[in-house]
Amino acid sequence: MPNIEFEKAAREAARTAPGKEVFPFDFEGKRYWIKRARPTGSNLLHHAAWRATKLPLLVPAVRQSASEALRHESSKLRRLADRGICVPAVELVTEEYFVMEDNGTSLRKILREGREDDLSRQLYRELFETLGRLHSIGEYHGGSQLRNFNYRGGNIAFLDFEEKFPESIPLKILQFRDLFLLLFSLVKDRHPLDYSEAIGHYVRSSGNDWVVDELKKLTEKTRALEALVRFPPLWKILDKDSKATYRMIQEIRKI
Ligand SMILES: Nc1ncnc2c1ncn2[C@@H]1O[C@H](COP(=O)(O)OP(=O)(O)O)[C@@H](O)[C@H]1O
Ligand SMILES: [Mg+2]
(Lines give C-alpha, C1' and ligand atoms only; values in the text may rest on other atoms or scores of the structure.)
(Ligands and ions follow the chains in the order given, each with its own letter.)
Protein backbone atom coordinates (compact mmCIF):
# COMPACT_ATOMS: atom_id res chain seq x y z
CA MET A 1 0.00 0.00 0.00
CA PRO A 2 2.73 2.60 0.75
CA ASN A 3 3.24 4.71 -2.33
CA ILE A 4 4.89 8.03 -3.06
CA GLU A 5 1.61 9.96 -2.76
CA PHE A 6 0.81 8.36 0.58
CA GLU A 7 4.28 9.11 1.93
CA LYS A 8 3.98 12.69 0.75
CA ALA A 9 0.60 13.13 2.41
CA ALA A 10 1.94 11.69 5.69
CA ARG A 11 5.00 13.97 5.58
CA GLU A 12 2.77 16.97 4.96
CA ALA A 13 0.42 15.99 7.81
CA ALA A 14 3.42 15.63 10.16
CA ARG A 15 4.84 18.97 9.06
CA THR A 16 1.58 20.83 9.70
CA ALA A 17 1.10 19.38 13.21
CA PRO A 18 4.49 20.13 14.80
CA GLY A 19 3.42 20.01 18.44
CA LYS A 20 1.39 16.82 18.21
CA GLU A 21 2.69 13.33 18.97
CA VAL A 22 -0.25 11.15 17.92
CA PHE A 23 -2.77 12.50 15.42
CA PRO A 24 -5.01 11.45 12.53
CA PHE A 25 -4.82 12.36 8.88
CA ASP A 26 -6.95 11.41 5.91
CA PHE A 27 -5.78 10.00 2.60
CA GLU A 28 -8.04 9.04 -0.30
CA GLY A 29 -11.09 9.06 1.96
CA LYS A 30 -9.53 6.82 4.61
CA ARG A 31 -8.33 7.76 8.08
CA TYR A 32 -4.81 6.99 9.31
CA TRP A 33 -2.85 7.86 12.46
CA ILE A 34 0.68 9.16 12.77
CA LYS A 35 2.63 8.38 15.92
CA ARG A 36 5.90 10.23 16.37
CA ALA A 37 9.02 8.65 17.84
CA ARG A 38 9.57 9.55 21.48
CA PRO A 39 11.62 8.07 24.30
CA THR A 40 10.02 5.77 26.88
CA GLY A 41 11.00 4.29 30.23
CA SER A 42 10.36 4.47 33.95
CA ASN A 43 11.77 7.20 36.16
CA LEU A 44 14.30 6.84 38.98
CA LEU A 45 11.73 6.73 41.75
CA HIS A 46 9.96 3.90 39.96
CA HIS A 47 13.24 1.94 39.69
CA ALA A 48 13.89 2.47 43.39
CA ALA A 49 10.40 1.28 44.32
CA TRP A 50 10.91 -1.87 42.25
CA ARG A 51 14.28 -2.63 43.83
CA ALA A 52 12.82 -2.19 47.30
CA THR A 53 9.63 -4.21 46.85
CA LYS A 54 10.09 -6.57 43.85
CA LEU A 55 6.32 -6.30 43.40
CA PRO A 56 5.39 -7.50 39.87
CA LEU A 57 3.23 -4.44 39.39
CA LEU A 58 6.22 -2.16 39.77
CA VAL A 59 8.45 -3.70 37.11
CA PRO A 60 10.11 -0.71 35.45
CA ALA A 61 10.00 -0.39 31.68
CA VAL A 62 13.19 -0.37 29.63
CA ARG A 63 14.51 3.08 28.72
CA GLN A 64 14.30 3.37 24.96
CA SER A 65 15.48 6.22 22.78
CA ALA A 66 12.85 7.73 20.49
CA SER A 67 13.96 5.65 17.52
CA GLU A 68 14.21 2.44 19.57
CA ALA A 69 10.68 2.95 20.90
CA LEU A 70 9.39 3.60 17.39
CA ARG A 71 11.02 0.45 16.01
CA HIS A 72 9.82 -1.57 19.00
CA GLU A 73 6.19 -0.50 18.70
CA SER A 74 5.88 -0.67 14.91
CA SER A 75 7.49 -4.10 14.72
CA LYS A 76 5.42 -5.44 17.62
CA LEU A 77 2.24 -4.23 15.91
CA ARG A 78 3.30 -6.03 12.72
CA ARG A 79 4.16 -9.23 14.53
CA LEU A 80 0.84 -9.24 16.41
CA ALA A 81 -1.12 -8.58 13.21
CA ASP A 82 0.68 -11.56 11.62
CA ARG A 83 -0.31 -13.67 14.61
CA GLY A 84 -3.99 -12.83 14.16
CA ILE A 85 -4.34 -10.24 16.93
CA CYS A 86 -6.63 -7.29 16.19
CA VAL A 87 -4.27 -4.28 15.99
CA PRO A 88 -4.01 -1.49 13.41
CA ALA A 89 -1.95 -2.36 10.34
CA VAL A 90 1.31 -0.39 10.14
CA GLU A 91 1.41 1.26 6.72
CA LEU A 92 4.66 3.21 6.84
CA VAL A 93 7.69 3.54 9.14
CA THR A 94 10.12 6.48 8.86
CA GLU A 95 12.87 7.77 11.16
CA GLU A 96 10.50 10.26 12.82
CA TYR A 97 7.14 8.51 12.93
CA PHE A 98 5.09 5.54 11.85
CA VAL A 99 1.68 5.53 10.19
CA MET A 100 -1.04 3.05 11.04
CA GLU A 101 -4.61 2.52 9.94
CA ASP A 102 -7.53 3.73 12.01
CA ASN A 103 -8.32 1.40 14.90
CA GLY A 104 -12.01 2.31 15.35
CA THR A 105 -13.86 3.85 18.26
CA SER A 106 -12.50 4.32 21.75
CA LEU A 107 -13.91 1.59 23.97
CA ARG A 108 -13.78 3.92 26.93
CA LYS A 109 -16.13 6.27 25.15
CA ILE A 110 -18.62 3.52 24.19
CA LEU A 111 -18.67 2.10 27.71
CA ARG A 112 -19.07 5.48 29.31
CA GLU A 113 -22.14 6.14 27.16
CA GLY A 114 -23.62 2.65 27.33
CA ARG A 115 -23.20 1.80 31.02
CA GLU A 116 -25.24 -1.14 32.25
CA ASP A 117 -26.94 -2.39 29.09
CA ASP A 118 -26.47 -5.69 27.23
CA LEU A 119 -23.91 -4.22 24.84
CA SER A 120 -21.72 -3.04 27.72
CA ARG A 121 -21.88 -6.44 29.41
CA GLN A 122 -20.89 -8.08 26.14
CA LEU A 123 -18.01 -5.64 25.65
CA TYR A 124 -16.63 -6.13 29.17
CA ARG A 125 -16.64 -9.85 28.52
CA GLU A 126 -14.92 -9.51 25.14
CA LEU A 127 -12.38 -7.14 26.63
CA PHE A 128 -11.17 -9.74 29.13
CA GLU A 129 -11.35 -12.53 26.56
CA THR A 130 -9.31 -10.49 24.10
CA LEU A 131 -6.57 -9.79 26.65
CA GLY A 132 -6.67 -13.51 27.50
CA ARG A 133 -6.18 -14.47 23.84
CA LEU A 134 -3.18 -12.17 23.55
CA HIS A 135 -1.67 -13.88 26.60
CA SER A 136 -2.54 -17.37 25.37
CA ILE A 137 -0.12 -16.94 22.46
CA GLY A 138 2.73 -15.89 24.75
CA GLU A 139 2.53 -12.10 24.30
CA TYR A 140 1.94 -9.21 26.69
CA HIS A 141 0.57 -5.73 26.12
CA GLY A 142 2.53 -3.48 28.48
CA GLY A 143 -0.07 -0.68 28.61
CA SER A 144 -3.40 -2.46 28.92
CA GLN A 145 -5.44 0.32 30.51
CA LEU A 146 -8.96 0.66 29.05
CA ARG A 147 -7.95 3.79 27.12
CA ASN A 148 -5.70 1.64 24.92
CA PHE A 149 -8.54 -0.51 23.61
CA ASN A 150 -10.79 0.29 20.68
CA TYR A 151 -13.79 -1.31 19.02
CA ARG A 152 -13.48 -1.98 15.32
CA GLY A 153 -15.57 -4.08 12.94
CA GLY A 154 -17.18 -5.98 15.80
CA ASN A 155 -13.87 -6.74 17.53
CA ILE A 156 -11.99 -5.39 20.49
CA ALA A 157 -8.77 -3.96 19.05
CA PHE A 158 -5.55 -3.06 20.87
CA LEU A 159 -3.44 0.11 20.65
CA ASP A 160 -0.26 1.50 22.15
CA PHE A 161 2.54 -1.06 22.47
CA GLU A 162 5.48 1.24 23.04
CA GLU A 163 6.41 0.03 26.53
CA LYS A 164 9.13 -2.59 26.58
CA PHE A 165 10.33 -4.68 29.53
CA PRO A 166 13.69 -6.37 30.13
CA GLU A 167 14.07 -9.85 28.63
CA SER A 168 14.93 -11.06 32.13
CA ILE A 169 11.40 -10.40 33.44
CA PRO A 170 9.29 -13.57 33.27
CA LEU A 171 6.32 -13.38 30.92
CA LYS A 172 4.00 -14.37 33.79
CA ILE A 173 4.85 -11.18 35.65
CA LEU A 174 4.19 -9.04 32.59
CA GLN A 175 0.89 -10.77 31.92
CA PHE A 176 -0.19 -10.38 35.53
CA ARG A 177 0.73 -6.72 35.31
CA ASP A 178 -1.45 -6.40 32.15
CA LEU A 179 -4.44 -7.92 33.91
CA PHE A 180 -3.89 -5.72 36.94
CA LEU A 181 -3.63 -2.55 34.82
CA LEU A 182 -6.87 -3.35 33.04
CA LEU A 183 -8.71 -4.07 36.30
CA PHE A 184 -7.29 -0.95 37.88
CA SER A 185 -8.30 1.32 35.00
CA LEU A 186 -11.87 -0.02 35.16
CA VAL A 187 -12.16 0.32 38.93
CA LYS A 188 -10.70 3.79 38.80
CA ASP A 189 -13.43 4.99 36.42
CA ARG A 190 -16.07 3.09 38.42
CA HIS A 191 -17.14 0.78 35.62
CA PRO A 192 -20.12 -1.29 36.77
CA LEU A 193 -18.99 -4.81 36.00
CA ASP A 194 -18.80 -8.08 37.84
CA TYR A 195 -15.05 -8.42 38.42
CA SER A 196 -15.12 -12.11 39.37
CA GLU A 197 -16.97 -12.90 36.20
CA ALA A 198 -14.55 -10.80 34.16
CA ILE A 199 -11.53 -12.55 35.66
CA GLY A 200 -13.24 -15.88 34.89
CA HIS A 201 -13.51 -14.87 31.21
CA TYR A 202 -9.84 -13.89 31.23
CA VAL A 203 -8.76 -17.17 32.83
CA ARG A 204 -10.72 -19.29 30.37
CA SER A 205 -9.36 -17.58 27.31
CA SER A 206 -5.74 -17.23 28.51
CA GLY A 207 -5.39 -20.54 30.33
CA ASN A 208 -3.67 -18.56 33.11
CA ASP A 209 -5.59 -20.02 36.06
CA TRP A 210 -2.69 -19.11 38.40
CA VAL A 211 -3.73 -15.42 38.31
CA VAL A 212 -6.54 -16.14 40.77
CA ASP A 213 -4.05 -17.23 43.45
CA GLU A 214 -1.76 -14.31 42.65
CA LEU A 215 -4.62 -11.85 43.02
CA LYS A 216 -5.59 -13.43 46.33
CA LYS A 217 -2.01 -13.22 47.57
CA LEU A 218 -2.02 -9.57 46.71
CA THR A 219 -5.11 -8.94 48.84
CA GLU A 220 -3.41 -10.76 51.75
CA LYS A 221 -0.30 -8.61 51.50
CA THR A 222 -2.33 -5.43 51.63
CA ARG A 223 -4.55 -6.33 54.60
CA ALA A 224 -2.60 -4.31 57.15
CA LEU A 225 -2.46 -1.30 54.89
CA GLU A 226 -6.20 -1.42 54.34
CA ALA A 227 -7.07 -0.95 57.98
CA LEU A 228 -4.91 2.13 57.93
CA VAL A 229 -6.47 3.50 54.77
CA ARG A 230 -10.00 3.15 56.13
CA PHE A 231 -9.10 5.48 58.97
CA PRO A 232 -11.29 8.51 58.07
CA PRO A 233 -8.73 11.36 58.37
CA LEU A 234 -6.38 9.42 56.12
CA TRP A 235 -9.08 8.48 53.61
CA LYS A 236 -9.86 12.17 53.14
CA ILE A 237 -6.37 13.05 52.03
CA LEU A 238 -5.71 10.04 49.81
CA ASP A 239 -5.29 10.68 46.10
CA LYS A 240 -7.56 9.12 43.47
CA ASP A 241 -5.15 6.33 42.55
CA SER A 242 -4.78 5.16 46.14
CA LYS A 243 -8.55 5.15 46.61
CA ALA A 244 -8.99 3.21 43.39
CA THR A 245 -6.36 0.70 44.54
CA TYR A 246 -8.31 0.24 47.77
CA ARG A 247 -11.57 -0.31 45.87
CA MET A 248 -9.82 -2.75 43.57
CA ILE A 249 -8.57 -4.86 46.45
CA GLN A 250 -12.15 -4.99 47.73
CA GLU A 251 -13.35 -6.21 44.34
CA ILE A 252 -10.61 -8.85 44.09
CA ARG A 253 -11.42 -10.11 47.54
CA LYS A 254 -14.86 -11.16 46.26
CA ILE A 255 -13.42 -13.68 43.79
N1 LIG B 1 -4.63 3.81 15.00
C2 LIG B 1 -5.42 4.55 15.78
N3 LIG B 1 -6.76 4.54 15.58
C4 LIG B 1 -7.58 5.26 16.36
N5 LIG B 1 -7.15 6.06 17.37
C6 LIG B 1 -5.83 6.12 17.60
C7 LIG B 1 -4.89 5.37 16.83
N8 LIG B 1 -3.66 5.62 17.30
C9 LIG B 1 -3.81 6.50 18.33
N10 LIG B 1 -5.11 6.80 18.52
C11 LIG B 1 -5.66 7.73 19.52
O12 LIG B 1 -4.59 8.48 20.09
C13 LIG B 1 -4.45 8.17 21.49
C14 LIG B 1 -2.98 8.11 21.86
O15 LIG B 1 -2.32 7.08 21.14
P16 LIG B 1 -1.44 5.97 21.89
O17 LIG B 1 -0.81 5.10 20.87
O18 LIG B 1 -2.28 5.29 22.91
O19 LIG B 1 -0.32 6.87 22.54
P20 LIG B 1 0.01 7.24 24.07
O21 LIG B 1 1.24 6.44 24.34
O22 LIG B 1 0.21 8.70 24.04
O23 LIG B 1 -1.12 6.81 24.96
C24 LIG B 1 -5.19 6.88 21.68
O25 LIG B 1 -5.68 6.73 22.99
C26 LIG B 1 -6.31 6.98 20.65
O27 LIG B 1 -7.37 7.78 21.15
MG1 LIG C 1 -2.29 5.25 25.00
Side-chain angles (χ1 to χ4, degrees), residues 1-2 6-7 9-11 13-14 16-43 46 59-82 84-94 96-114 123 126-127 130-131 134 139-165 174 177-186 188-189 191 241:
M1 130 38 66
F6 182 74
E7 286 174 24
R11 206 179 312 124
T16 51
K20 294 191 187 155
E21 292 193 331
V22 190
F23 50 95
F25 84 102
D26 296 321
F27 180 74
E28 292 181 348
K30 219 179 135 183
R31 171 144 292 201
Y32 297 89
W33 288 74
I34 292 180
K35 187 163 179 174
R36 284 191 206 276
R38 57 195 177 177
T40 66
S42 304
N43 63 26
H46 191 153
V59 184
V62 171
R63 281 207 194 103
Q64 302 177 98
S65 68
S67 65
E68 281 167 347
L70 176 126
R71 273 198 305 274
H72 170 72
E73 182 167 17
S74 55
S75 58
K76 186 162 177 179
L77 282 169
R78 283 182 165 158
R79 181 181 77 232
L80 293 176
D82 286 347
I85 299 293
C86 196
V87 290
V90 173
E91 305 285 7
L92 174 68
V93 182
T94 76
E96 289 109 54
Y97 52 80
F98 70 91
V99 183
M100 59 193 139
E101 68 177 2
D102 186 62
N103 202 37
T105 315
S106 150
L107 199 56
R108 203 173 172 200
K109 194 161 164 254
I110 301 176
L111 288 170
R112 204 187 288 137
E113 286 164 3
L123 289 177
E126 285 175 23
L127 180 59
T130 306
L131 184 67
L134 179 77
E139 299 278 359
Y140 70 91
H141 187 294
S144 51
Q145 301 91 321
L146 183 63
R147 65 166 189 269
N148 289 327
F149 288 85
N150 285 31
Y151 194 60
R152 171 162 57 102
N155 291 304
I156 306 277
F158 296 98
L159 261 185
D160 199 355
F161 288 89
E162 65 194 292
E163 293 294 7
K164 181 179 175 181
F165 292 88
L174 299 173
R177 182 181 174 279
D178 273 359
L179 177 64
F180 184 91
L181 271 184
L182 178 59
L183 289 168
F184 182 74
S185 65
L186 291 164
K188 190 171 176 198
D189 287 351
H191 282 270
D241 280 2

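Counting starts at 1 for both ligands and their atoms, in listed order. Source: prediction; values computed, not measured.
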Distance to 0.1 Å, residue and atom name: give those for the protein heavy atom nearest to [atom].
atom	value
atom 23 (O) of ligand 1	D160 OD2, 2.9 Å
atom 24 (C) of ligand 1	L159 CD1, 3.8 Å
atom 3 (N) of ligand 1	N103 N, 2.8 Å
atom 14 (C) of ligand 1	V22 CG1, 4.0 Å

Verify atom 27 (O) of ligand 1: protein non-hydrogen atom under 4.0 angstrom away: no
Which of the numbered atoms in ligand 1 are below 4.0 angstrom from a heavy atom of [X]?
X	answer
D102	3 (N), 4 (C)
K35	16 (P), 17 (O), 19 (O), 21 (O)
N148	18 (O)

Is a salt bridge present between [X] and [Y], judged by a nitrogen-to-oxygen distance below 4.0 Å?
X	Y	value
D189	R112	no
R36	E96	no
E73	K35	yes
K76	E162	no
K164	E68	no

Looking at non-hydrogen atoms alone, which of [options] comes nearest to [atom]?
atom	options	result
atom 1 (N) of ligand 1	E163, R147, E101, K109	E101
atom 22 (O) of ligand 1	R38, E73, E162	R38
atom 2 (C) of ligand 1	F161, W33, F23	W33

Main-chain N/O of G104 paired to D102 side chain as donor or acceptor, under 3.5 Å: yes
Metal-centred angle, OD2 of D160 through the Mg ion (ligand 2) to OD1 of N148, rounded to 10 degrees: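 Value returned, to the nearest 10°, is 90°.
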Cation over ring face, K20 and F25, 6.0 Å, 45°: no
Stepwise side-chain contact (heavy atoms from CB on, under 4.5 Å) test for Q145 and L182: CA-CA 5 Å; Q145 301 91 321; L182 178 59; over 6 Å; no
